[in-house]
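Here's a structure for you.
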Amino acid sequence: MFKAGAQEAMNKRCYYEVLGVERTASIEVIKSAYRKLAKEHHPDRNDGCTTAESRFKEISEAYDILKDEQKRAAYDRFGHAAFENGGGRGHNGFDFAASFTDIFDDLFGEFTGGRRGRRQNRGQDLRYNLEISLEESFRGRQAQIKVPTAVACEDCNGAGAEAGTKPEQCPTCSGIGKVRAQQGFFTIERTCPSCRGNGRIIRNPCKACHGNGHVQKERTLQVDVPAGVEEGTRIRLAGEGQAGLNGGPPGDLYLFIAVKPHAIFQRDGHDLYCRAPIGFTTAALGGTIEVPTVDGGRAKVNIPEGTQSGHQFRLRSKGMPVLRGGGMSGDLYVEVVVETPVRLSKKQKEMLRAFEKESEPGCQPESEGFIARLREFWTGSETA
């Protein structure tokens with residue numbers, strides 16, 4: 001057993017070399033080197049790569065020894081032989097299982113920007129649906145909304161304890177929020193049953209919030225809706241969500257925009273579309289019509305002679321503003337629909353019949369072309 005352990009110790013790399021530091025390096029330098037390497041080789045960041053996992057274990061073992069003054073002194077004097085007596089505890093009483101948990105505490109404390117101790121929970125995000133008109137989407141607007149949410153209790157300033165008292169450190173977990181139990185080689189860590197992971201106990205809870213540190217309240221917020229927002233646009237209001245627990249940061253409020261259907265315009269991206277009926281004579285002889293614009297104004301459209309139903313006219317920059325587009329806007333497309341006259345008088349009917357008789361070939365090219373294709377189709381069918 002001793003020979004095997006000695007051989008294993010001889011094959012191990014120098015702990016200082018593993019972390020890439022000098023033997024005279026301070027604990028701050030060692031800790032900084034460890035965190036950098038641990039982040040780089042952590043298995044969760046390397047998709048289960050076995051090489052990264054082995055390297056991570058080697059880095060963690062080296063840091064576990066060098067961060068402790070007594071273990072580092074023993075290593076500087078005896079090398080790896082100081083810890084060669086088995087996989088659990090070395091002859092110096094070093095518990096590898098427990099200290100490995102400490103390594104994860106150091107690592108993930110750095111990842112999350114916190115330290116072990118009372119857990120601070122970020123507040124929940126909130127959603128608010130705001131319906132606006134197309135004109136408001138065009139111009140932008142300032143909306144006043146009322147949001148029911150949890151806010152920090154004013155009576156206890158979010159502490160949860162009655163005035164004149166304060167929360168106490170949990171005696172069971174010493175304020176860590178977790179307790180450990182040793183089972184052979186493994187160390188099991190679970191949430192402290194006394195404080196439920198908070199790391200503190202409130203003996204005299206605040207009467208206003210019942211010890212929660214926050215109360216339900218309706219807040220009134222002013223929201224600036226920018227010009228050009230579309231259906232489904234999401235606006236984030238940082239820090240306007242639910243209050244955090246144990247002094248944690250508040251969540252965010254997300255404003256989801258819904259645009260009401262419009263009686264005249266339809267929107268497609270930054271462009272607008274509308275249909276404009278025109279008279280039979282205007283379509284045939286040409287003329288000018290007026291159409292509305294979304295800003296409340298009017299625009300003239302010149303109709304050339306012989307305009308057919310379904311023809312679109314493009315009015316540049318008469319559409320919706322481009323969000324963060326530096327003053328750019330979409331276009332307005334006007335689709336004309338030729339209206340067939342109804343309830344004609346006897347004289348009007350006679351005039352139309354006279355018009356039809358006097359019509360020259362080519363006067364109605366689309367209908368004439370269609371009739372020609374039908375004749376070809378029927379002739380071919382009879383021949384077949």
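Values below: all heavy atoms of this structure, side chains included; hydrogens, waters and symmetry mates excluded.
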Centres of the Y15 and Y75 rings: under 6.0 Å?
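Yes, ring centres under 6.0 Å apart.
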
Can you check whether Q364's main-chain N or O pairs, donor with acceptor, with S367's side chain at less than 3.5 Å?
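The answer is yes, because a donor-acceptor pair under 3.5 Å joins these two groups.
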
Salt bridge flag under 4.0 Å for residues E58 and K12:
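Here E58 does not pair with K12 in a salt bridge, since their nearest N and O are not under 4.0 Å apart.
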
Same apolar cluster: F377 and F370, side chain cutoff 4.5 Å:
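As far as the 4.5 Å side-chain criterion goes, F370 and F377 are connected within one cluster.
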
Do the non-hydrogen side-chain atoms of I303 and T288 ever get within less than 4.5 Å of each other?
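Not touching, per the 4.5 Å side-chain cut-off.
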
Look up atom CD in Q242 and atom CD in Q216, then write down how far apart they are to the nearest 0.5 Å.
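The CD atom of Q216 is 5.5 Å from CD of Q242, to the nearest 0.5 Å.
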
Could you tell me whether E168 and R200 have a side-chain N and a carboxylate O separated by less than 4.0 Å?
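Answer for the salt bridge query: no.
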
Side-chain touch V147/L126, heavy atoms, less than 4.5 angstrom:
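They are in side-chain contact.
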
Test side chain to side chain contact (heavy atoms under 4.5 Å, CB included) applied to Q312 and Y273, step by step:
CA-CA 9 Å; Q312 285 188 343; Y273 293 81; 4.0 Å; yes

Please find the pair of heavy atoms, one from I30 and one from A25, that lie closest to each other, and give the distance.
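Closest pair (atom of I30, atom of A25, distance): CD1-O, 4.0 Å.
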
Decide side chain to side chain contact (heavy atoms under 4.5 Å, CB included) for V18 and R55; before the verdict, give the C-alpha distance in whole Å, the side-chain angles of both, and the deciding distance to 0.1 Å.
CA-CA 9 Å; V18 169; R55 181 83 172 102; 3.5 Å; yes

In terms of hydrophobic clustering (I, L, V, M, F, W, Y; side-chain heavy atoms under 4.5 Å; direct or indirect links), are V322 and L315 co-clustered?
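No, because V322 and L315 fall into different hydrophobic clusters, even though each may have its own neighbours under 4.5 Å.
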
Crowded around Q348 CD? As in, over 12 foreign heavy atoms under 6.0 Å?
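Yes, because the 6.0 Å sphere around CD of Q348 holds more than 12 heavy atoms from other groups.
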
E136 side chain vs S133 backbone, donor-acceptor pair below 3.5 Å
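Yes.
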
Nearest heavy-atom pair of P205 and R203: which atoms, and what distance?
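Scanning both residues, the minimum pair turns out to be CD-O, 3.4 Å.
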
Under 4.5 Å between side-chain heavy atoms, counting indirect links through other Ile/Leu/Val/Met/Phe/Trp/Tyr residues: same cluster for V259 and L332 or not?
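Result: yes, single cluster for both.
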
Nearest non-hydrogen partners of A299 and T293, listed with the distance:
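Between these two residues, the closest heavy atoms are CB-CG2, 4.0 Å.
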
Work out which heavy atom in C206 is nearest to a heavy atom in D155; give both atom names and the distance.
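Heavy atoms of C206 and D155 come nearest at SG-CB, 4.0 Å.
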
Rounded to the nearest 0.5 Å, what separates atom CD1 in I235 from atom CG in D252?
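Rounded to the nearest 0.5 Å, the CD1-CG separation comes out at 13.5 Å.
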
Check K300 with E290, please: is the shortest side-chain N to carboxylate O separation under 4.0 Å?
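No, this pair does not count.
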
Quick one: does any side-chain atom of R316 pair with a main-chain N or O of K318 as donor and acceptor, under 3.5 Å?
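Checking the backbone N and O of K318 against the side chain of R316, no donor-acceptor pair under 3.5 Å is found.
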
Check whether any side-chain N or O of D331 sits under 3.5 Å from a backbone N or O of R314 as a donor-acceptor pair, and report yes or no.
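No.
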
Just checking, is any N or O donor in the side chain of Y254 or N129 under 3.5 Å from an acceptor N or O on the other one?
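Absent: no donor and acceptor within the cut-off.
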
Flag the pair Q222 / Q142 as yes when at least one side-chain heavy-atom distance between them is below 4.5 Å, and no otherwise.
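Sidechains of Q142 and Q222: in contact.
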
Side chains of L352 and K357, heavy atoms from C-beta outward: is any pair under 4.5 Å?
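No, too far: nothing below the 4.5 Å cut-off.
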
Does E356 CD have over 12 foreign heavy atoms under 6.0 Å away?
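Incorrect, the count does not exceed 12.
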
Evaluate the criterion side chain to side chain contact (heavy atoms under 4.5 Å, CB included) for residue pair Y333 and L272; output intermediate values, then yes/no.
CA-CA 6 Å; Y333 291 87; L272 291 176; over 6 Å; no

Which is it for R180 and R190 under the side chain to side chain contact (heavy atoms under 4.5 Å, CB included) test, yes or no, and what are the steps along the way?
CA-CA 7 Å; R180 292 175 178 173; R190 58 190 177 89; over 6 Å; no

Near E231 CD, under 6.0 Å, is it more than 12 heavy atoms from other residues, nucleotides or ligands?
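Above 12, so yes.
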
Take atom CD of E350 as the centre, draw a 6.0 Å sphere, and report whether it contains more than 12 heavy atoms from other residues, nucleotides or ligands.
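For E350, atom CD is crowded (more than 12 foreign heavy atoms under 6.0 Å).
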
Side chain to side chain contact (heavy atoms under 4.5 Å, CB included) involving K349 - partner list, sequence neighbours excluded
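For K349 the side chain to side chain contact (heavy atoms under 4.5 Å, CB included) partners, ignoring immediate neighbours, are L344, R353.
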
Would you indicate whether the side-chain heavy atoms of F265 and P292 approach each other to under 4.5 Å?
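They are in contact (side-chain heavy atoms under 4.5 Å apart), so the answer is yes.
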
Verify, without hydrogens or angle tests, whether T233 (side chain) and I257 (backbone) share a donor-acceptor contact under 3.5 angstrom.
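Such a contact is absent between T233 side chain and I257 backbone.
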
Is any NZ, NE, NH1 or NH2 atom of the basic residue among D64 and K57 found under 4.0 Å from an Asp or Glu carboxylate oxygen of the other?
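Looking at D64 and K57, the cut-off is not met.
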
Would you mind reporting whether L130 and F256 have side-chain heavy atoms less than 4.5 Å apart?
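No, too far: nothing below the 4.5 Å cut-off.
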
Within this structure, what is the CG-OH distance for the pair L253 and Y128, rounded to the nearest 0.5 Å?
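Answer rounded to 0.5 Å: 9.5 Å.
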
Looking only at heavy atoms, what is the nearest atom pair of A161 and I202, with distance?
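Residues A161 and I202, closest heavy atoms: CA-CG2, 4.0 Å.
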
Is it true that a side-chain atom of S174 and a backbone atom of C170 form a donor plus acceptor pair closer than 3.5 Å?
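A pair under 3.5 Å: no.
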
Would you call E69-R72 a salt bridge at under 4.0 Å N-O?
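No, this pair does not count.
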
For R139, side chain to side chain donor-acceptor pair (under 3.5 Å) partners two or more places apart
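In terms of side chain to side chain donor-acceptor pair (under 3.5 Å), with neighbours along the sequence ignored, R139 is linked to no residue.
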
Would the number of heavy atoms belonging to other residues, nucleotides or ligands and lying under 6.0 Å from CD of E22 be above 12?
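Open.
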
Within-4.5 Å side-chain heavy-atom neighbours: V29 and S32
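Of all side-chain heavy-atom pairs linking S32 with V29, none is under 4.5 Å.
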
Backbone of K71 reached by a side-chain donor or acceptor of D68 within 3.5 Å:
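Judged by distance alone, yes, a pair lies under 3.5 Å.
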
Run the salt-bridge test on K217 and E154 with the 4.0 Å N-O cut-off and return the result as yes or no.
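Counted as a salt bridge, because a side-chain N and a carboxylate O are separated by less than 4.0 Å.
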
CZ of R298 to CG of D295: how many Å apart, nearest 0.5 Å?
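Nearest 0.5 Å value for the CZ-CG distance: 12.0 Å.
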
Nearest atoms (heavy-atom pairs only) where G177 meets C195
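In this case the closest contact between G177 and C195 is CA-SG, 4.2 Å.
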
If you measure from OG on S137 to CD1 on I132, what distance do you get to the nearest 0.5 Å?
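Between atom OG of S137 and atom CD1 of I132 there are 4.5 Å.
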
Under 4.5 Å between side-chain heavy atoms, hopping through other hydrophobics if needed: is there a path connecting V337 to F280?
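As far as the 4.5 Å side-chain criterion goes, F280 and V337 are not connected within one cluster.
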
Evaluate whether atom CZ of R275 has more than 12 neighbouring non-hydrogen atoms of other residues, nucleotides or ligands under 6.0 angstrom away.
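Open.
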
With sequence neighbours left out, write down each residue that passes side chain to side chain contact (heavy atoms under 4.5 Å, CB included) with R219, or none if nothing qualifies.
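For R219, the residues satisfying side chain to side chain contact (heavy atoms under 4.5 Å, CB included) (neighbours in sequence not counted) are T149, V151, L221, E240.
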
Would you say the side-chain atoms of E53 and H41 include a donor-acceptor pair closer than 3.5 Å?
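Note: E53 and H41 side chains miss the donor-acceptor criterion.
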
Reported CG-to-NZ distance for the pair L19 and K31, which is rounded to 0.5 angstrom
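Here the interatomic distance stands at 13.0 Å.
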
Hey, are the side chains of C173 and S194 touching, using non-hydrogen atoms and a 4.5 Å cut-off?
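They are not in contact (no side-chain heavy atoms under 4.5 Å apart), so the answer is no.
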
